[in-house]
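Encoded as structure tokens, the structure appears first; notes follow it.
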2 protein chains.
Amino acid sequence: MSGEPDIAVPARALGDPARGRIVTALLGGRSIPAGDLARAAGVSASTASEHLRVLLAAGLVAVDHRGRHRFFRLASSEVAGAIEALQEIAPRTEIRSLRQHHVSEELRSARTCYDHLAGDLGLRMADLLVSSGVVSELKIGESSSAPEPFPAGQLVHALRIRPTQGRRPWARGCLDWTGRRAHVAGQVGAQIFSAMDAQGWVARRADSRAVRLTGRGAALLSELEQVTNELV
Amino acid sequence: MSGEPDIAVPARALGDPARGRIVTALLGGRSIPAGDLARAAGVSASTASEHLRVLLAAGLVAVDHRGRHRFFRLASSEVAGAIEALQEIAPRTEIRSLRQHHVSEELRSARTCYDHLAGDLGLRMADLLVSSGVVSELKIGESSSAPEPFPAGQLVHALRIRPTQGRRPWARGCLDWTGRRAHVAGQVGAQIFSAMDAQGWVARRADSRAVRLTGRGAALLSELEQVTNELV
DNA sequence: GAATAGCTTCGTCTCTCGCCGAAATGTGAC
DNA sequence: GTCACATTTCGGCGAGAGACGAAGCTATTC
């Protein structure tokens, strides 16, 4: 027998600046070893270890042991969702240095958002998905099922997009702090990002959520945009 | 120029048990005076005052002065969204007393969830909305736009449901801790609850999020269910 | 089998948070 | 004007959180 959820438990775990930086780093979607997270959070290894213990106890992160490293990742997409929801109501950090400004610019142009693309590149992919009929126009927070019949086309073929079963929405409009328009999260978002990553369209920065469009990726993307727009 | 959002600020504000109980009470959607919130949170008036100061400073609640009372409410639907997202990943509070058990049962049967209905009654309304074609079947977290053409019918007429413009999704599947199915949030959810409240189908408890179906409401609802199912 | 690297545990310090009761403030009622 | 009530401010207490460095554990490396 259980009553209402006690939001203070996850909120307290997220409510420390260093832990906030840790989970924000993990929002990039990949597994990160403890030492890197310590550096990202700007605290000593022992302090980070304590923070990670807290996050584990609250069930917000999971850990994989690989050799002498411990790789941490967000425990679920629900956790990522809660962090995104908090970002919507959180104040922005102030930019103090040129270095910070540079990082911010990189993130603005393209970055990962848990398991999909965000930033300008995310918006560009969203346009492409809409004009090729893979997803319908989405407002922020709205989501939709896969269209039937499912459209075939160069985009669908190149990135091997396919409708799937499961709890997770097919497409979801996800706003984050970069812009006022929605980029595409949900199953499609995850599928296109993982395909673009696997096929070398994009390269991920080792130490941040930033993503760079490769020369090959830029060329293929432009071609795709041209083909799709000619059809319309 | 600003960088990434600092989630530690809202998370810290929500990360205290007493403040968690306060915002959960406010998730009921109505404005509540400081003294009542102190009672709901189980702390003294002076302690509650301090907590409310923190929540105000973090921008999570807003306040209206009415005479010698100060009525608090959640600052926005984004705040409500963040609280719901945290509820999804939060552990359940344990039930210790018979009194708590009773309250829990009441909430389970029908309650408000910010500005719409949840609990068993919420699920019942969700079924009705789906079978009358006002919203499509929704998974949790999914949302949809108003159907076109917009269906007419006894339900639509009785509760004066109408499609509207605006950022907010028309319908959104909202899971909370009661069940595994989704109830209907979004504009439709808000519209049907406010109509049912205004027309006396439901009565709201003064001191909690619980809602009671009135005799009149029960009768009209049964009739509506019968009519809708005959059509199908 | 040392030596090294990654991480955690331990000991300790400091500082802030959350709590209350008492007093102060402000508003409405008579 | 005075009384009653709602709320905030103040003072003080106790507990716990977060920080670090040093030491310990374990797995890879040579």
Side-chain angles (χ1 to χ4, degrees), chain A residues 6-26 30-75 93 206-207, chain B residues 6-26 30-75 93 206-207:
Chain A
D6 184 3
I7 64 161
V9 173
R12 170 158 203 90
L14 295 171
D16 172 84
R19 287 199 291 270
R21 288 190 289 271
I22 288 175
V23 295
T24 303
L26 291 173
R30 66 173 107 197
S31 292
I32 304 179
D36 291 4
L37 288 172
R39 227 159 300 126
V43 294
S44 73
S46 59
T47 301
S49 179
E50 171 64 16
H51 285 309
L52 290 167
R53 198 187 57 73
V54 171
L55 290 170
L56 272 174
L60 302 185
V61 302
V63 64
D64 300 309
H65 296 253
R66 291 187 223 158
R68 56 185 161 188
H69 296 268
R70 292 182 75 198
F71 281 81
F72 290 86
R73 55 186 160 82
L74 294 186
T93 53
D207 56 345
Chain B
D6 184 3
I7 65 162
V9 173
R12 169 157 204 90
L14 294 171
D16 172 84
R19 287 197 291 269
R21 287 190 290 272
I22 287 175
V23 296
T24 303
L26 291 174
R30 67 172 107 196
S31 292
I32 304 178
D36 291 5
L37 288 171
R39 227 160 301 123
V43 294
S44 73
S46 59
T47 301
S49 178
E50 172 63 15
H51 285 310
L52 289 167
R53 199 186 57 73
V54 171
L55 291 170
L56 272 175
L60 302 184
V61 303
V63 64
D64 300 310
H65 297 254
R66 290 187 223 159
R68 55 185 161 188
H69 297 268
R70 291 181 74 198
F71 282 81
F72 290 85
R73 55 188 161 78
L74 294 186
T93 54
D207 57 345

**OP:** Examine dT28(D): is either OP1 or OP2 under 4.0 Å from a nitrogen or oxygen in the side chain of H69(A)? Give yes or no.
**Re:** no

**OP:** List the atom of A18(A), the atom of V43(A), and the distance in Å for their closest heavy-atom pair.
**Re:** CB-CG1, 4.1 Å

Original post:
Contact class for A34(A) (heavy atom, under 4.0 Å): base, sugar-phosphate, or nothing?
Top reply: sugar-phosphate

Subject >> Nearest-neighbour nucleotide for the R68(A) side chain, dT8(D), dT4(C), dT27(C) considered >> reply: dT4(C)

**OP:** Ignoring the backbone of S49(B), work out which of dC20(C), dT9(C), dT9(D) is nearest its side chain.
**Re:** dT9(D)

**OP:** Using whole Å, report how far CD of E50(A) lies from C1' of dC10(C).
**Re:** 11 Å

Original post:
Is it true that a side-chain atom of R73(B) and a backbone atom of S31(B) form a donor plus acceptor pair closer than 3.5 Å?
Top reply: no

Subject >> Considering all heavy atoms, the nearest A13(B)-L55(B) contact >> reply: O-CD2, 3.8 Å

Original post:
Any donor-acceptor pair under 3.5 Å between the side chain of S46(A) and the base of dG21(D)?
Top reply: yes

Original post:
Which residues in residues 8-25 of chain A have at least one heavy atom lying under 4.0 Å from any atom of DNA chain C?
Top reply: none

Original post:
What nucleotide, of dC20(D), dT8(C), dG18(C), holds the atom closest to the side chain of H51(B)?
Top reply: dG18(C)

Original post:
Less than 4.5 Å apart, any side-chain heavy atom of V63(B) and any of F72(B)?
Top reply: yes

**OP:** Between S44(A) and G67(A), just flag the one whose closest nucleotide in DNA chain D comes earlier from the 5' side.
**Re:** S44(A)

Original post:
Counting side-chain heavy atoms from C-beta on, which of dT29(D), dT9(D), dC20(D) comes nearest to T47(A)?
Top reply: dC20(D)

**OP:** Report the C-alpha distance between V23(A) and L14(A) in whole Å, list the side-chain angles of each, state the deciding distance to 0.1 Å, and finish with yes or no for side-chain contact (heavy atoms from CB on, under 4.5 Å).
**Re:** CA-CA 8 Å; V23(A) 295; L14(A) 295 171; 3.9 Å; yes

